[in-house]
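Here the structure is laid out as structure tokens; the discussion comes afterwards.
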Amino acid sequence: MAPGEPVVVRVGSRELPVTNLEKVYWPEDGITKGELIGYYTRIAPVLLPYLKDRPLVLTRYPEGIHGPWFYAKNAPEGRPGWLRTYTYVHPAAGPTEYLLADEPAALTYIANLGAIEIHPWTGRIQAPERPDFAIVDLDPAEGATWEDTREVALLVRQVLDAVGTQGFPKWSGATGIHIYCPCAPDHTYQDTAAFCLAIGRLLARVHPRRVTLERQVRKRRGKVYVDYLQNRLGQTITAVYGVRPRPGAPVSVPVTWEEIARGTVPFVTLRTIWDRLAQVGDLFAPVLELRQDLRRATRQLEGV
DNA sequence: GAACCGA
DNA sequence: TCGGTTCAACGCTTC
DNA sequence: GAAGCG
Ligand SMILES: [Mn+2]
Ligand SMILES: [Mn+2]
């Protein structure tokens, strides 16, 4: 194929052009844009349920992981007519027309844009201001290790257990862990943020050397930051089964609490995910089913 | 990566 | 026909 | 009020 020459592919009932399939996006690993497109197209049956009806924010790396990148919120002009979008009017910033993904070809299209990361909203278009889950976002600060992060995740789990709430952890694909706590449909971002803040406050009080809520980066040294502010409209956490623009082409995957406890969280990549899925299946399935009362749990946490 | 705009 | 430009943006916190 | 933060 001549470089830059578009190739028309058929995905399901759609036909769309893809470009620069041989372009190397991960030079350390020899992973090409074509492999990225193949990944997102093939993972669609597993990934799409987690994206359905959720406005998407993309991070695009048209020259690979070491090149310049940018966020993309608005759907590109000139896209295929069958792609669905959703316009949300932000109070301050005005309207944004977001991409939606409801079929495999939509993911093929998105990957062809050079989008490595996909960040879905936690709310759906039917009720954009009602998140379906709280996400406890654990960000290890400089000087904090993976062991520290694991340890704090297990502390979060203890707290969740104490208030009868289930959380489902995933490896971020980089250094952190995201713990998804599904909630009932009447919850607001206020509710989910308050829930994560209550967990963070409790842990920072009991384990001040390990856990911090400090917003200033340089004051977090050696600790794990509980980033409760991710639980707001428009904030972005990389999708489950989404690829990261880092060496190895890691994928953010669900993990078990046991793997976190034993220190056996696997480094899963766009190439190794298929074995992982064959072994453990989709560990995140309950995230879309469970409806928990996080307001009650928050009151319980604040009462401690 | 691709559309848009002005030269 | 080309090259340059654009591609997000908000509420909360601390100073 | 401005800057830092994700
Ligand atoms: Mn994080
Ligand atoms: Mn974060």
Side-chain angles (χ1 to χ4, degrees), chain A residues 3-7 9 16-25 32-34 36-37 40 55-81 83 85-99 107-123 128-129 131 134-142 172 174-178 188-190 192-194 196-197 200-201 204 212-221 223-239 244-245:
Chain A
E5 201 68 11
V7 175
V9 294
L16 69 160
V18 292
T19 56
N20 300 309
L21 300 181
E22 304 301 323
K23 190 169 193 172
V24 176
Y25 269 21
T32 62
K33 186 191 178 197
L36 177 72
I37 295 171
Y40 273 120
L56 304 180
V57 176
L58 311 178
T59 58
R60 295 175 56 186
Y61 292 75
E63 298 178 59
I65 66 169
H66 300 299
W69 65 277
F70 54 92
Y71 282 98
K73 290 190 173 180
N74 281 100
E77 300 300 324
R79 63 188 176 272
L83 272 172
T85 65
Y86 168 75
T87 299
Y88 182 85
V89 181
H90 293 268
T96 301
E97 187 181 13
Y98 291 90
L99 275 176
L107 288 175
T108 312
Y109 173 81
I110 285 168
N112 185 61
L113 294 172
I116 294 178
E117 293 181 323
I118 301 174
H119 304 263
W121 283 17
T122 54
E129 283 153 45
I135 302 176
V136 184
D137 176 21
L138 301 181
D139 293 336
E142 184 157 356
S172 74
T175 60
I177 292 176
H178 304 146
T188 64
Y189 283 101
Q190 174 82 283
T192 54
C196 294
L197 176 60
R201 281 208 176 120
T212 182
L213 283 167
E214 177 56 60
R215 292 191 33 106
Q216 203 143 337
V217 168
R218 12 183 275 266
K219 297 184 183 169
R220 296 180 193 161
R221 284 203 120 271
K223 301 178 188 176
V224 175
Y225 175 56
V226 179
D227 186 5
Y228 76 97
L229 291 170
Q230 284 299 337
N231 294 273
R232 289 184 315 181
L233 187 142
Q235 284 305 309
T236 57
I237 287 210
T238 197
R244 306 304 307 274

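Just so it is clear, the model here is predicted, and its values are computed rather than measured.
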| Spacing of A/Q235 atom CD relative to C/dG11 atom P, expressed in whole Å | 10 Å
| SB check A/E97 A/R79 (cutoff 4.0 Å) | yes
| request: Test for a donor-acceptor pair under 3.5 Å between the base of C/dC7 and the side chain of A/R60, counting only N and O atoms. | output: no
| task | Using a heavy-atom cut-off of under 4.0 Å over every strand shown, decide if A/V57 touches base, sugar-phosphate, or nothing. | result | nothing
| field | Sugar-phosphate, base or nothing in reach of A/Y88, heavy atoms under 4.0 Å | value | nothing
| request: Please work out which residues in residues 61-76 of chain A have a non-hydrogen atom less than 4.0 Å from an atom of DNA chain C and list them by number. | output: A/F70, A/Y71, A/K73, A/N74
| query | Of the nucleotides B/dA2, D/dG6, C/dC10, which has the atom closest to the A/R220 side chain? | reply | D/dG6
| note | A/I237 atom CD1 is separated from C/dA8 atom P, nearest whole Å, by 21 Å
| query | Which atom pair, heavy atoms only, marks the closest approach of A/E117 to A/P245? | reply | OE2-CD, 3.3 Å
| message | Can you classify the ring geometry of A/Y86 versus A/Y88 as parallel (below 30°), tilted (30 to 60°) or perpendicular (above 60°)? | response | tilted
| field | Taking every non-hydrogen atom, the tightest pair across A/G123 and A/P55 | value | O-CD, 3.9 Å
| field | A/T238 to A/H178 - nearest heavy-atom pair and separation | value | CG2-CE1, 4.2 Å
| message | Using whole Å, what does the distance between atom C1' of nucleotide D/dG6 and atom NE2 of A/H178 come to? | response | 11 Å
When you compare the protein's N or O atoms with those of nucleotides 4-6 of chain B, which come within less than 3.5 Å of each other, and at what distance?
none

| Side chain of A/N112 - closest among C/dA9, C/dC10, B/dA2 | B/dA2
| Of the nucleotides C/dT14, C/dC12, D/dG6, which one has an atom closest to the side chain of A/L229? | C/dC12
| query | Just how far, in rounded Å, is C1' of C/dA8 from CD of A/E117? | reply | 14 Å
| request: Ignoring backbone atoms, establish whether A/K33 has a side-chain N or O less than 4.0 Å from OP1 or OP2 of B/dG1. | output: yes
| task | Name the residue closer to the 5' end of DNA chain C, choosing between A/G234 and A/P91 according to the nucleotide with the nearest heavy atom. | result | A/G234
| Separation of A/Y109 atom OH from B/dA2 atom P, in whole Å? | 8 Å
| Between A/T236 and C/dA9, does any side-chain N or O lie under 4.0 Å from OP1 or OP2? | no
| Between D/dG6 atom P and A/Q216 atom CD, what is the distance in whole Å? | 10 Å
| request: Show the numbers, then the answer: is there a side-chain hydrogen bond (donor to acceptor under 3.5 Å, both in side chains) between A/T19 and A/K33? | output: CA-CA 9 Å; A/T19 56; A/K33 186 191 178 197; 3.0 Å; yes
| request: Classify the ring geometry between A/Y61 and A/W69 as parallel (under 30°), tilted (30 to 60°) or perpendicular (over 60°). | output: parallel
| Within 45° cone and under 6.0 Å: A/R220 NZ/CZ vs A/Y225 ring | yes
| request: Apply the side chain to side chain contact (heavy atoms under 4.5 Å, CB included) test between A/D137 and each candidate in A/I177, A/V226, A/D227; give the one that qualifies. | output: A/D227
| task | Using atom CD of A/E5 as one end and atom P of B/dA2 as the other, report the distance to the nearest whole Å. | result | 12 Å
| note | Among D/dC5, C/dC10, B/dG1, the one nearest any side-chain atom of A/N20 is B/dG1
| message | Looking at every non-hydrogen atom in both residues, tell me the closest pair between A/L107 and A/Y40 and how far apart they are. | response | CD1-O, 3.5 Å
| message | Whether A/Y228 contacts C/dT13 is assessed here as follows: a side-chain N or O lying under 4.0 Å from the phosphate OP1 or OP2. Is that the case? | response | yes
| Below 4.0 Å: OP1/OP2 of B/dG1 and any side-chain N or O of A/K23 | yes
| Between C/dC12, D/dG6, C/dC15, which one does the side chain of A/K219 approach most closely? | C/dC15
| request: To the nearest Å, give me how far apart CZ (A/R232) and C1' (C/dC12) are. | output: 6 Å
| note | Of A/L197 and A/A92, the one whose closest nucleotide on DNA chain C sits nearer the 5' end is A/A92
| request: Compare every heavy atom of A/G114 with every heavy atom of A/Y25, then report the nearest pair and how far apart it is. | output: OH-CA, 3.5 Å
| message | Roughly how many Å apart are D/dG4 and C/dA8, using the P atom of each and rounding to a whole number? | response | 23 Å
